[in-house]
Colleague: 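Got a structure for you, written out below as structure tokens; questions coming shortly.
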Amino acid sequence: MTITDNRSGQSVQVPIVDGGVDASEWRKLLPGVWFYDPALMTTASTPSAITDLDGENGILRYRGYPIEQLAEHSTYLEVAYLLIHGELPTAQQYEPWVHEITYHTFIHENVRKRFLEGFHHDAHPMGMLVSAIAALSTFYPEANNISDPDNRYKQIVRLIAKMPTLAAACHRNSVGMPFVYPDNSLNFTENFLAMLWKVAEPRYAANPTLARALDVLFILHADHEQNCGTTAMRTVGSAHADPYVSTASAAAALYGPRHGGANEAVIHMLTQIGSVDRVPQFIEDVKAGRGRLQGFGHRVYKSYDPRAAIIKKTADDVFAITGKNPLLDIALAIEEVALSDDYFISRKLYPNVDFYSGLIYQAMGFPTEMFTVLFAIPRTAGWLAHWVELLEQDQKIVRPRQIYTGVGARDYVAMDGRT
Ligand code: SDX
């Protein structure tokens with residue numbers, strides 16, 4: 001591609017490589033002239049080999065493996081290994097991986113007793129989780145040594161392993177129940193369910209169908225290339241902050257209702273609609289600009305989010321155990337109306353990963369406030385895979401420029417001289 005500055009007649013040849021053009025060529029021709037790209041809608045911020053999305057065709061692959069195959073055949077911990085290491089593990093690699101994660105699920109007593117229990121009874125679990133992840137940074141000061149691969153790996157294992165424990169502790173604190181210690185005889189997802197739901201019984205045995213359904217949901221949420229939360233991870237990580245505070249920044253971004261907070265917003269929306277016969281009016285309100293259809297739309301997917309299709313199928317397995325979530329009929333009615341209405345078709349708005357996931361979580365007994373926490377647990381593997389990738393790429397600190405639109409230079413005016 002040739003870029004020509006009409007003012008000087010100067011040109012520069014810029015190759016299109018892997019679907020992108022290198023902005024440094026632009027800088028040579030036009031120093032001090034910036035690409036204005038708010039929300040980075042047209043900007044590739046990094047090369048990455050982790051996740052590949054094809055938004056037009058609704059394709060999602062982790063390290064080349066289609067999400068549909070991983071959801072059917074894999075487990076969350078195997079997918080976490082794949083994202084972090086780049087390959088599916090052999091049995092000889094998987095066993096020690098699972099063992100290390102299993103034996104790092106405990107959190108320091110002070111994190112629970114002094115920190116988490118210090119929150120108000122009605123503290124939102126995501127606010128607690130974001131804080132607790134950052135607090136872990138103070139318990140592992142060696143995590144600052146981000147240039148040491150072995151040290152990085154130790155923190156990666158700790159974070160993946162401790163997220164369910166922190167999440168369960170936040171929930172138990174919110175409902176006034178005693179903290180449940182990890183049970184190392186259980187697998188990752190069964191242990192999480194036990195830490196959430198155990199009451200007086202000696203050991204909590206998770207329903208295997210529900211445990212598998214949750215593990216599939218964890219697989220689906222594990223990574224999604226340069227989404228808002230992962231961009232936060234890479235930005236904070238580029239400053240060489242430790243992985244705990246970097247992960248906390250990613251979780252903070254995920255908490256936003258435009259991002260991972262949408263699964264909670266979907267349930268509030270469906271509950272507010274209340275019945276199928278009120279769906280047409282709701283759709284008209286959205287089209288009139290009075291509110292958004294939560295769980296619909298996506299910056300990348302301009303066709304069906306492949307994860308939404310898998311979640312819809314998983315819902316059938318869950319509802320067979322828990323009973324159908326009454327809000328499902330409202331969700332199905334919304335999808336049917338929206339997919340045939342030009343307002344949504346013209347804007348390429350389809351159900352995304354958050355549209356159906358909350359229905360499953362609610363049917364499984366999770367409070368709505370826990371839904372984004374359930375997103376953060378598995379996305380930790382993706383965030384950390386991107387963190388390692390950016391460090392191995394030896395990327396520079398993220399520091400974009402701006403288009404200054406403020407006032408020009410002016411002199412200070414003493415207080416009594418101001419109008
Ligand atoms: C996630 O990036 C990722 O990969 C994220 C994620 C991941 O795995 O990490 O996939 C997870 O965050 C999924 C998205 C969850 N969020 C929601 O469901 C919230 C509702 N959706 C929207 O707010 C919105 O669709 C976004 C935020 C998801 C995407 O917004 P964009 O790309 O900035 O699109 P836009 O706001 O510019 O909308 C384009 C048009 C606008 O209409 P016009 O101004 O052209 O008239 O579509 C409209 C918008 O008003 N629109 C919607 C809509 N989403 C966009 N109208 C009604 N309901 C919606 N949900």
Side-chain angles (χ1 to χ4, degrees), residues 37-45 48 50-56 58-62 67 71 79 83 126 217-234 247 249-270 272-273 279 282-311 331 334-335 337-339 341-359 371-372 374-383 385-386:
D37 185 18
L40 305 180
M41 294 179 78
T42 323
T43 294
S45 58
S48 181
I50 299 168
T51 291
D52 184 19
L53 299 188
D54 175 341
E56 290 306 322
I59 291 171
L60 165 57
R61 291 190 284 258
Y62 293 160
I67 192 67
V79 164
L83 290 170
M126 269 307 283
L217 285 162
F218 282 175
I219 290 170
L220 297 176
H221 287 82
D223 191 52
H224 215 239
E225 60 134 274
Q226 306 307 319
N227 58 83
C228 186
T230 301
T231 299
M233 183 82 180
R234 292 187 83 123
T247 301
S249 74
L254 188 74
Y255 190 8
R258 281 175 157 182
H259 192 9
N263 52 23
E264 182 178 345
V266 167
I267 294 298
H268 291 319
M269 174 187 74
L270 296 176
Q272 189 186 3
I273 294 169
V279 165
F282 173 78
I283 293 288
E284 289 313 308
D285 290 345
V286 169
K287 289 162 66 175
R290 291 190 296 272
R292 282 223 154 172
L293 184 41
Q294 301 303 331
F296 262 66
H298 199 279
R299 176 64 52 77
V300 176
Y301 289 127
K302 297 310 171 190
S303 62
Y304 216 89
D305 183 332
R307 300 168 295 176
I310 298 167
I311 289 173
I334 287 174
E335 179 179 357
V337 173
L339 295 190
D341 186 304
D342 186 57
Y343 176 92
F344 301 94
I345 296 169
S346 63
R347 291 170 174 80
K348 298 187 176 182
L349 301 177
Y350 295 87
N352 59 46
V353 67
D354 292 302
F355 189 61
Y356 286 104
S357 57
L359 292 170
F371 291 4
T372 308
L374 296 170
F375 196 148
I377 293 172
R379 185 53 62 88
T380 300
W383 291 331
H386 284 273

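Counting convention: from 1, in listed order, for ligands and their atoms alike. Note that this is a predicted model, so its numbers are computed, not measured.
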Colleague: Return the orientation label for the Tyr301 and His224 ring planes: parallel under 30°, perpendicular over 60°, tilted otherwise.
Modeller: tilted
Colleague: Are any non-hydrogen side-chain atoms of Val353 and His298 less than 4.5 angstrom apart?
Modeller: no
Colleague: Tell me which one of Arg258, His259, Arg299, Met233 satisfies side chain to side chain contact (heavy atoms under 4.5 Å, CB included) with Cys228.
Modeller: His259
Colleague: With Asp305, which residues qualify under salt bridge (charged side-chain N to carboxylate O under 4.0 Å, His left out), at least two apart?
Modeller: Arg307
Colleague: Side chain to side chain donor-acceptor pair (under 3.5 Å) with His386: which of Asn227, Thr230, Thr231, Asp223?
Modeller: Asp223
Colleague: At what distance, to the nearest 0.5 angstrom, does OG1 of Thr372 lie from CG of Asp354?
Modeller: 7.5 Å
Colleague: Give every pair made of an N or O atom of ligand 1 and a protein N or O atom lying under 3.5 Å apart, one pair per line with both atom names and the distance to 0.1 Å, or write 'none'.
Modeller:
| unit_1 | atom_1 | unit_2 | atom_2 | d |
| --- | --- | --- | --- | --- |
| ligand 1 | 4 (O) | His224 | ND1 | 2.6 |
| ligand 1 | 4 (O) | His298 | NE2 | 3.2 |
| ligand 1 | 8 (O) | His224 | ND1 | 3.4 |
| ligand 1 | 8 (O) | Arg307 | NH1 | 2.7 |
| ligand 1 | 8 (O) | Arg379 | NH2 | 2.7 |
| ligand 1 | 9 (O) | Arg379 | NH1 | 2.8 |
| ligand 1 | 9 (O) | Arg379 | NH2 | 3.4 |
| ligand 1 | 10 (O) | His224 | ND1 | 3.4 |
| ligand 1 | 10 (O) | His298 | NE2 | 2.6 |
| ligand 1 | 10 (O) | Arg307 | NH2 | 2.8 |
| ligand 1 | 12 (O) | His259 | O | 3.4 |
| ligand 1 | 12 (O) | His259 | ND1 | 2.9 |
| ligand 1 | 16 (N) | Arg258 | O | 2.9 |
| ligand 1 | 18 (O) | Gly295 | N | 2.9 |
| ligand 1 | 18 (O) | Asn352 | ND2 | 2.9 |
| ligand 1 | 21 (N) | Phe296 | O | 2.9 |
| ligand 1 | 23 (O) | Arg292 | NH1 | 2.8 |
| ligand 1 | 25 (O) | Phe296 | O | 3.4 |
| ligand 1 | 32 (O) | Arg299 | NE | 2.8 |
| ligand 1 | 33 (O) | Arg299 | NH2 | 2.8 |
| ligand 1 | 36 (O) | Arg292 | NH1 | 3.3 |
| ligand 1 | 36 (O) | Arg292 | NH2 | 3.0 |
| ligand 1 | 42 (O) | Arg347 | NE | 3.2 |
| ligand 1 | 46 (O) | Arg347 | NE | 3.2 |
| ligand 1 | 46 (O) | Arg347 | NH2 | 3.2 |
| ligand 1 | 50 (O) | Arg292 | NH2 | 2.9 |
| ligand 1 | 58 (N) | Leu293 | N | 2.9 |
| ligand 1 | 60 (N) | Leu293 | O | 2.8 |
| ligand 1 | 60 (N) | Phe296 | O | 3.0 |

